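In this text the structure is predicted, and so the values were computed from the model without any measurement.
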Amino acid sequence: MSCLSVEVPLGHRPPQVMVNGENERVSLLFMKAVVSRGSVDAVSQQMASHPQYLESFLRTQHYILHMDGPLPLPYRHYIAIMAAARHHCNYLVYLHSAQFLRVGGDPQWLQGLEAAPPRLRLLDHINKVLAHQPWLTACSHFQALLKSGEQCWSLAELVQAVVILAHCHSLCSFVFGCDTDTDADFVPSSKSPNGVPPTFCPFDAANGNANVPQSLATPSEHRTRRRSLDSSCDMVCLKERIQKSQEEREKREERLLQTHTLQQTDAEEEDETMCFTDPTRFITDPDLCYQEFARREEDHFQVFRVQDYSWEDHGFSLVNRLYSDIGHLLDDRFRSVTTLPTMHSPDLKRAIWNYIHCVLGIRYDDYDYGEVNQLLERDFKLYIKAVACFPDATKTLVCPLSLAPLKTSERIHVNLLIMEARLQAELLYALRAITQYMIA
């Protein structure tokens, strides 16, 4: 082996082997998506430049939405709809509406929050607080849910619901952050075969799948057009494999479809039209939004100190005990996104992570926050804060000039860091409140 390492020039063969391995990893992940869901969603396409993280993300998402857990499958997707609606994320609302119907959800629930069961409506308040002002999360919020008579939640159900809410809130940040100017123009396309939601996503516009409004286009010298996945992966072979898999799937399902009556087909078509649901139907108190944490003198919110309650020492063990294995999956996501091999230095990654936690009221006593101003330019900080705290407003922002020289994968990595830091922040606030309830 030592002889081989001498004969192979550094910077030549090993990188090629690595690239081929990464491409194959992406191909396998995409094939799994095609086999299980019939399509590769746009979020996965964006994350494909970081296969190691994508694998961890998909594993966690599949677990909370489809694997064993206390909540019924329709409940899980409806909670995801509620979470995405808080940020007016048309793509995620549409996606989970379609999946809600596919797992047997009642189409009437998609008429709006008032049509949902009382138990789900009880989640509305904690959904609003976690989405916009997580530092307001209190023990009393969970006490009300756990002691609501016939409509009460179990602790295990509530923990899974909180994980889904936080997951989807943070995913909204990624969706908007990857393309900040097209979500308002998102219009679901016609239904695709087998009832699978189309893979079009608002931030596909950056890959040439939609037109960016001229009024929002940036000057040509500052444009940071994202390359499509084709430029970093050999998609020819992958597309052939996907097409072959889809053809085989269609042949198998064609025999099944022939057995359906015309009445059943019409009912399915009617159900699928419900996917085009206005997110505002699932929103109450629309004026509630992000506010600066303890900026005014009258604000007396206590800073959340990680030394008193941290993910590693407290949150991980609690969530893993109440919702089996999810702690390990989430921890793998947090570790994966911060250890990805990118051009970003460890100090820059930590500055991004700690800055997001700071604007959400979380502080690290052992961190010098002067590094944030040294490592993050002002326009970069404004971008990070907007994507993390009010992502649906980012359609009016342009990519910071400090990100312009970076490769597409590097910019995506920034948005992954924002998403994961926000996810952990929401979980910390929720799990601390649940801990306080349990020891009260």
Side-chain angles (χ1 to χ4, degrees), residues 83 86-87 125-143 159 162-163 165-174 176-177 285 287-316 318-319 330 334 337-338 349-373 375-376 378 380-394 415 417-437 439:
R86 286 309 312 182
H87 289 306
H125 186 70
I126 193 65
N127 180 30
K128 291 185 292 189
V129 170
L130 285 175
H132 305 297
Q133 300 175 35
W135 54 86
L136 295 179
T137 307
C139 170
S140 58
H141 295 145
F142 294 99
Q143 186 175 21
V159 168
V162 164
V163 171
L165 288 173
H167 169 80
C168 290
H169 291 156
S170 60
L171 189 54
C172 287
S173 290
F174 181 81
F176 284 99
D285 196 5
D287 294 331
L288 180 66
C289 59
Y290 173 80
Q291 294 182 358
E292 296 288 341
F293 175 79
R295 186 170 184 174
R296 301 181 303 275
E297 292 183 2
E298 61 267 23
D299 290 331
H300 300 288
F301 302 118
Q302 281 193 342
V303 171
F304 188 120
R305 299 199 175 278
V306 174
Q307 281 65 26
D308 298 330
Y309 196 96
S310 68
W311 167 257
E312 293 81 5
D313 297 332
H314 306 90
F316 170 82
L318 177 65
V319 75
L330 290 169
F334 298 146
V337 76
T338 55
K349 294 177 186 178
R350 190 179 185 193
I352 294 173
W353 189 280
N354 288 0
Y355 176 64
I356 294 167
H357 279 195
C358 179
V359 297
L360 293 174
I362 300 175
R363 286 269 183 165
Y364 295 79
D365 289 345
D366 59 352
Y367 182 71
D368 178 10
Y369 284 87
E371 290 188 9
V372 171
N373 291 330
L375 297 172
L376 306 180
R378 185 175 182 275
F380 195 9
K381 288 198 297 182
L382 290 174
Y383 174 81
I384 292 171
K385 183 176 181 179
V387 174
C389 302
F390 35 91
D392 44 319
T394 59
N415 286 306
L417 283 167
I418 295 172
M419 175 175 69
E420 292 300 328
R422 179 184 177 179
L423 171 62
Q424 188 180 94
E426 287 194 29
L427 289 174
L428 283 173
Y429 277 113
L431 294 173
R432 183 183 67 168
I434 291 175
T435 300
Q436 293 169 346
Y437 166 81
I439 63 178

Exercise. Would you say Ser170's side chain and Glu420's backbone share a donor-acceptor pair under 3.5 angstrom?
Worked result: no
For this session: Could you tell me whether a side-chain N or O of Ser310 sits under 3.5 Å from a main-chain N or O of Gln307, the two making a donor and an acceptor?
Result: no
Exercise. Considering the options Leu130, Val163, Val159, which one meets the side chain to side chain contact (heavy atoms under 4.5 Å, CB included) requirement together with Leu427?
Worked result: Val163
Between [X] and [Y], which heavy-atom pair has the shortest distance, and what is it?
X	Y	result
Pro391	Cys172	CB-O, 4.0 Å
Gly315	Leu431	O-CD1, 3.7 Å
Ala388	Ile356	CB-CG2, 3.9 Å
Ala421	His357	O-NE2, 2.9 Å

Tell me, do [X] and [Y] make a side-chain contact under 4.5 Å, heavy atoms counted?
X	Y	result
Phe304	Thr137	no
Tyr429	Val129	no
Leu330	Leu423	yes
Pro134	Leu360	yes
Tyr383	Asn415	yes
Phe293	Val303	yes
Lys385	Tyr290	yes
Gln291	Gln133	yes

Distance check, rounded to the nearest 0.5 Å: [X] atom [atom1] versus [Y] atom [atom2]?
X	Y	atom1	atom2	result
Asp308	His314	CG	NE2	8.0 Å
Lys349	Leu375	NZ	CG	13.5 Å
Ile418	Phe176	CD1	CZ	14.0 Å
Gln424	Trp311	CD	CH2	7.0 Å
Asn373	Tyr355	CG	OH	8.5 Å
Glu371	Asn354	CD	CG	9.0 Å

Problem set entry | Pairs involving residues 127-136, ordered by first then second residue, that meet salt bridge (Lys or Arg N to Asp or Glu O under 4.0 Å) (sequence neighbours left out) | Asp124-Lys128
Exercise. Can the positive tip of Arg422 be found less than 6.0 Å from the middle of the six-membered ring of Phe174, inside 45° of the ring normal?
Worked result: no
For this session: Please report the C-alpha distance between Cys389 and Val359 in whole Å, then the side-chain angles of each, then the deciding distance to 0.1 Å, and finally whether the side chain to side chain contact (heavy atoms under 4.5 Å, CB included) criterion is met.
Result: CA-CA 8 Å; Cys389 302; Val359 297; 3.8 Å; yes
Problem set entry | Arg86 side chain to His169 side chain, donor-acceptor N/O pair below 3.5 angstrom | no
Exercise. Does one side chain, of His125 or Asp285, offer a donor that lies under 3.5 Å from an acceptor on the other?
Worked result: no
Exercise. Under the side chain to side chain contact (heavy atoms under 4.5 Å, CB included) criterion, do His167 and Met419 qualify, and how do the steps go?
Worked result: CA-CA 9 Å; His167 169 80; Met419 175 175 69; over 6 Å; no
Problem set entry | Residues forming a side-chain contact (heavy atoms from CB on, under 4.5 Å) with Ser140, sequence neighbours excluded | Ala138
Exercise. With under 30° as parallel and over 60° as perpendicular, where do the rings of Tyr369 and Tyr367 fit, or are they tilted in between?
Worked result: perpendicular
